[in-house]
Engineer: 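Sharing a structure with you now.
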2 protein chains.
Amino acid sequence: MRARIDVNEIYRAALQAFAEFGFRKTTVEDVAEKLNRTKGNLYFYVKDKRELYIKTVSFALERWQGRVRQAIAKEKGARNQLMAMCRKAVEYLAQDEELRNILKRDPDIFPMFPTVDPYESINRRSVRMIASILKKGVKEKVFRPVDVDKVSEVLFSIYKMVIIQTYIKTDEAYVQEMFDDTLDLLLNGLFVESERSQLGG
Amino acid sequence: MRARIDVNEIYRAALQAFAEFGFRKTTVEDVAEKLNRTKGNLYFYVKDKRELYIKTVSFALERWQGRVRQAIAKEKGARNQLMAMCRKAVEYLAQDEELRNILKRDPDIFPMFPTVDPYESINRRSVRMIASILKKGVKEKVFRPVDVDKVSEVLFSIYKMVIIQTYIKTDEAYVQEMFDDTLDLLLNGLFVESERSQLGG
DNA sequence: CACTGAATAATATATTAAATTGTTCAGTTA
DNA sequence: TAACTGAACAATTTAATATATTATTCAGTG
């Protein structure tokens with residue numbers, strides 16, 4: 001009798017298949033073959049094909065989120081943390097082709113306008129990550145005293161917009177320019193100093 | 001022999017039908033009946049069903065754009081023009097249920113991430129509208145000297161995001177809050193004064 | 001000249017059978 | 001005895017075909 005397969009190995013194999021063929025066109029057997037098992041055997045590890053897919057995607061999303069979190073942890077001030085977050089998120093995705101393909105095939109994973117979302121908890125964590133940077137920045141008086149919860153939602157939406165452009169558009173340079181201008185706008189705003197309304201505090 | 005039908009009457013009739021049933025489920029006869037003609041007769045006015053749809057949608061989009069343009073024309077400074085534009089765009093859509101339904105049924109009309117777009121020329125005009133306000137504002141030294149072309153693209157993307165939320169989300173209050181916070185962020189930015197980088201000029 | 005209505009072409013829907021794939025599980029194996 | 005296989009069965013997809021609906025054309029009418 002063989003040792004139990006490490007679940008992460010299953011997710012890595014499944015990720016390869018799902019990224020190449022998409023959910024509908026990959027068979028449970030495709031995944032089993034990559035692991036040198038039979039399809040029946042996979043049901044020892046996951047309930048059904050759908051669950052395998054959801055857990056595989058979660059695995060990929062969490063790996064991505066983890067890298068971004070690491071990048072943030074390396075920085076001290078809120079200003080640099082916010083910029084590190086944006087940079088790393090785009091940079092990681094540019095390098096993880098499998099995740100890009102998964103997202104391209106199935107945009108509901110990272111929906112611009114979510115209705116119901118099986119990955120909601122992961123996305124909520126991302127929003128909280130933004131919120132905690134904002135909170136820190138407001139406390140440090142680097143950021144204006146904005147409504148942290150609402151603004152982190154707004155930023156997450158804009159963040160999604162840029163991310164989706166990153167894997168939809170093939171034009172690398174275009175995305176980079178868009179990215180820089182968007183970040184500048186969000187940090188500095190449109191108004192010149194004299195026109196700005198400073199929120200209370 | 002009857003007088004030629006006014007094309008705008010055709011578009012109004014078609015808009016009713018397309019908004020209620022969608023492109024696929026409305027028949028040319030549905031539209032003809034609203035005009036008290038036979039379906040064959042409509043081919044005297046339009047090439048085919050697809051063209052009828054595209055011209056009908058264009059009619060609705062241009063009416064919308066016209067109202068926004070009027071609202072802008074009433075204002076003097078770039079600052080107020082920008083705010084009037086945002087306000088009117090959302091306000092008009094909230095009131096035009098047919099257009100909302102058309103957009104909800106067929107999101108490709110106003111795509112978050114356009115590939116090919118039959119309404120491109122209309123959307124380009126919207127971007128130019130934003131750009132001209134920005135240009136004026138930079139000249140008046142109300143706005144920072146940003147790259148007008150790029151920033152108007154960025155703003156149009158964010159504008160689309162808010163608009164789509166407006167007809168997707170049923171929750172009126174949520175959209176309004178989102179709208180206010182987004183506008184504040186874009187105008188004033190996140191940084192406190194001392195952290196801001198003023199662009200040259 | 002604007003229009004009708006019937007003819008025809010093009011699409012969509014429904015039905016059914018055949019093939020593939022997902023899932024279960026009794027029995028095997030290390 | 002826990003991990004596994006492979007065959008059995010259920011569910012789903014695909015293919016093939018017939019039927020019905022709808023789009024489009026156009027000769028003829030007022």
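The chains referred to below are lettered A, B, ... by the order of the sequence lines, with proteins before strands, and numbering in each begins at 1.
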Engineer: Taking DNA chain C as the partner, which of residues 13-32 of chain A come within under 4.0 angstrom of it by heavy atom?
Structural biologist: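 The stretch gives A:T26, A:T27, A:V28 as the residues lying under 4.0 Å from the strand, ordered by number.
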Engineer: Sort out for me which residue in A:R144, A:K150, A:R196 forms a salt bridge (charged side-chain N to carboxylate O under 4.0 Å, His left out) with B:D184.
Structural biologist: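 Of the listed options, the one satisfying the test is A:R144.
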Engineer: Tell me which residues in residues 48-58 of chain A put a heavy atom below 4.0 Å from DNA chain D, sorted by number, or none.
Structural biologist: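 Under 4.0 Å from DNA chain D: no residue of residues 48-58 of chain A.
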Engineer: Think A:K49 forms a cation-pi with A:F23, using NZ or CZ under 6.0 Å from the six-ring centre and within 45 degrees of its axis?
Structural biologist: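 That pair qualifies as a cation-pi contact.
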Engineer: Where does the angle between the aromatic ring planes of A:Y159 and A:W64 fall among parallel (under 30°), tilted (30 to 60°) and perpendicular (over 60°)?
Structural biologist: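 The rings of A:Y159 and A:W64 lie parallel, inter-plane angle below 30°.
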Engineer: Let's see if you get this right: which residues in residues 33-45 of chain B place a heavy atom under 4.0 Å from DNA chain C?
Structural biologist: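 Here the set is B:R37, B:T38, B:G40, B:N41, B:F44, B:Y45.
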Engineer: Identify whether the distance between the nearest side-chain nitrogen and carboxylate oxygen of B:E91 and B:R67 falls below 4.0 Å.
Structural biologist: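 Salt bridge between B:E91 and B:R67, a charged N being under 4.0 Å from a carboxylate O: no.
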Engineer: Less than 4.0 Å between a side-chain N and a carboxylate O, is that true for A:R79 and A:E140?
Structural biologist: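 Between A:R79 and A:E140 there is no salt bridge, as every charged N stays at least 4.0 Å from the carboxylate O atoms.
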Engineer: Is there a donor-acceptor pair under 3.5 Å between the side chain of B:N188 and the backbone N or O of A:G189?
Structural biologist: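 No.
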Engineer: At under 4.0 Å, does any side-chain N or O of B:R2 touch on OP1 or OP2 of C:dT4?
Structural biologist: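 Checking B:R2 against C:dT4: at least one side-chain N or O falls below 4.0 Å of OP1 or OP2.
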Engineer: Whole angstroms only, please: what is the CZ-P distance between B:R4 and C:dC1?
Structural biologist: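 For the pair B:R4 CZ and C:dC1 P, the rounded distance is 11 Å.
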Engineer: Distance-only, no hydrogens or angles: does the B:D30 side chain make a donor-acceptor pair with backbone N or O of B:T27 under 3.5 Å?
Structural biologist: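 Judged by distance alone, yes, a pair lies under 3.5 Å.
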Engineer: So does B:E9 pair up with B:R12, basic N to acidic O under 4.0 Å?
Structural biologist: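 B:R12 and B:E9: not salt-bridged.
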